[in-house]
Amino acid sequence: MDVPGHGTVEGEWDLRGAIGPYLGNFDFAGKRVLDVGAASGILSFYIEQQGAEVVSFDLSDEFDWDIVPFRSNDFRASRKDRRAHLRRINNGYWFCHKAFGSRAQMVNGIVYDIPEAIGPVDVAVFGSILLHLRDPFMALENGSRLAQEAMIVADVSPYGRLGSRILNRPRFMPKADRPDWITDGWFRLPPLLVIEYLKILGFPNTSLSWGNYRHRDRKVPIYTVVARR
């Protein structure tokens, strides 16, 4: 992120100059938007700059990440490490919130129980969060209860652009013989499956787009589904 008054802060992902396409080039002006899994707030602050009222939603260090419970791993140590990681993410959000002069609201909680007290929003955004969830459909269902107009989902398909045209099966990410590999990811969901989820939840009008986004030293293809009521 390029943080006003502080310069560029390095991270694993670099969406600078490409956030519009990443969010399906949606027109956020005048909308109330729920940014689910806001992390350091890069999407929240961008959406706010487009003229939206934003509610950021994410875990705090009072909640637990969906850690894959490998029996051979030290779950207590993993839980402690993840909560410390969440504390750093939350601190980063508020640091950037002040630097950007943001008015976005932050609500902390778990994605399977998004508070109805947030109230109706026009749009719910899920930016590369579903792969980290044990129950991605329940997360979308929770967001859909508040979203009056649209849902935007960006994620990584297990099949790439070509295979994603015809394949709709999810891919389970953890490997039983690799407890040291993926411990914070669950499913790679192809766009056809996400579209089916969103249609079930009452968003039948969908569009699909793709972009290549920088992750460390390589470009990763990510799809974006914009689904409307």
Side-chain angles (χ1 to χ4, degrees), residues 11-15 22 36-40 57-90 92 108-114 125-144 151 153-201 208 210-225:
E12 293 184 11
W13 289 91
D14 184 0
L15 298 179
Y22 179 83
V36 182
S40 57
F57 184 86
D58 210 341
L59 294 167
S60 71
D61 60 358
E62 296 180 358
F63 301 95
D64 287 321
W65 197 291
D66 271 358
I67 301 170
V68 182
F70 286 102
R71 186 64 180 267
S72 58
N73 287 349
D74 185 340
F75 183 79
R76 286 188 177 182
S78 297
R79 183 171 182 249
K80 182 178 179 181
D81 178 70
R82 278 291 162 186
R83 289 198 170 196
H85 181 63
L86 288 168
R87 193 175 306 118
R88 291 191 294 270
I89 290 176
N90 294 158
N108 293 123
I110 57 173
V111 74
Y112 308 124
D113 190 21
I114 299 175
V125 172
F126 289 74
S128 297
I129 179 179
L130 296 183
L131 75 164
H132 292 297
L133 302 178
R134 188 194 295 244
D135 192 337
F137 183 87
M138 181 180 285
L140 288 174
E141 183 182 13
N142 264 261
S144 73
M151 301 270 283
V153 177
D155 225 309
V156 180
S157 175
Y159 306 117
R161 298 191 190 199
L162 186 59
S164 294
R165 294 179 182 178
I166 57 173
L167 299 172
N168 66 356
R169 298 185 304 275
R171 179 175 295 170
F172 189 61
M173 294 167 63
K175 303 293 184 183
D177 59 351
R178 292 288 307 278
D180 59 336
W181 186 42
I182 294 176
T183 61
D184 65 349
W186 288 88
F187 298 98
R188 293 214 184 275
L189 305 175
L192 289 179
L193 180 59
V194 169
I195 287 171
E196 197 70 22
Y197 285 171
L198 294 170
K199 287 182 176 180
I200 289 170
L201 294 170
L208 172 65
W210 290 83
N212 294 318
Y213 303 98
R214 183 167 296 282
H215 181 258
R216 294 177 176 164
D217 60 350
R218 65 191 181 99
K219 291 288 188 74
V220 176
I222 291 179
Y223 66 84
T224 301
V225 175

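The analysis underlying the following values was restricted to heavy atoms, covering all of them including side chains, and did not include hydrogens, waters or symmetry mates.
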Report task. Considering only NZ, NE, NH1 and NH2 on the basic side and carboxylate oxygens on the acidic side, decide whether D81 and R79 come within less than 4.0 Å. Result -> no
Report summary line: Scanning both residues in full, the closest heavy-atom pair of L193 with P170 reads CD2-CD, 3.8 Å
Report task. Mind running side-chain contact (heavy atoms from CB on, under 4.5 Å) on L192 and E196 for me, showing each step along the way? Result -> CA-CA 6 Å; L192 289 179; E196 197 70 22; over 6 Å; no
**Report entry** Rounded distance (nearest 0.5 Å) linking atom CG of D155 with atom CD1 of I222
**Finding:** 7.5 Å
Requested in this report: Of all the heavy-atom pairs spanning D58 and A38, show the shortest one and how long it is.
Outcome: OD2-N, 3.4 Å
Requested in this report: Keeping the roles fixed (side chain from Y197, backbone from E141), state whether a donor-acceptor pair exists under 3.5 Å.
Outcome: no
Requested in this report: Indicate yes or no for a side-chain donor-acceptor contact from N73 to the backbone of F75 under 3.5 Å, with no hydrogens or angles considered.
Outcome: no
**Report entry** Reported CG-to-NE2 distance for the pair L15 and H215, which is rounded to 0.5 angstrom
**Finding:** 10.5 Å
Query - Sidechain-backbone polar pair: D61 side chain, L86 backbone, donor-acceptor under 3.5 Å - result: no
Query raised in the report: What heavy-atom pair brings W186 and P69 nearest, and what distance separates the two atoms?
Result: CH2-CD, 3.8 Å
Query raised in the report: With respect to Y223, which candidate in V156, V194, I195 satisfies the side-chain contact (heavy atoms from CB on, under 4.5 Å) definition?
Result: V194
**Report entry** side-chain contact (heavy atoms from CB on, under 4.5 Å) between D180 and F70, intermediate numbers included
**Finding:** CA-CA 9 Å; D180 59 336; F70 286 102; over 6 Å; no
Query raised in the report: Between D14 and R214, is the closest basic N to carboxylate O distance under 4.0 Å?
Result: no
Query raised in the report: Between OH of Y159 and CG of N168, what distance do you get to the nearest 0.5 Å?
Result: 7.5 Å
Query - Heavy-atom check, side chain of W65 versus side chain of S78, under 4.5 Å - result: no
Query - Which atom of W181 lies closest to which atom of M173, heavy atoms considered - result: CZ3-O, 3.6 Å
Query raised in the report: Under 3.5 Å, is there a donor-acceptor pair between the side chain of D66 and the main chain of R134?
Result: yes
Report task. Evaluate the side-chain contact (heavy atoms from CB on, under 4.5 Å) criterion for residues W13 and S128: first the C-alpha distance (whole Å), next the side-chain angles of each, then the deciding distance (0.1 Å), finally the verdict. Result -> CA-CA 11 Å; W13 289 91; S128 297; 5.8 Å; no
Query - CA sep, side-chain torsions, deciding dist, call: R161, N212, side-chain contact (heavy atoms from CB on, under 4.5 Å) - result: CA-CA 11 Å; R161 298 191 190 199; N212 294 318; 3.5 Å; yes
Query raised in the report: Among K80, R83, R82, which residue meets the salt bridge (Lys or Arg N to Asp or Glu O under 4.0 Å) test with D64?
Result: R83
Query raised in the report: Which value, rounded to the nearest 0.5 Å, describes the distance between I110 atom CD1 and F57 atom CZ?
Result: 7.5 Å
Query raised in the report: Do the side chain of T224 and the main chain of Y22 share a donor and acceptor less than 3.5 angstrom apart?
Result: yes
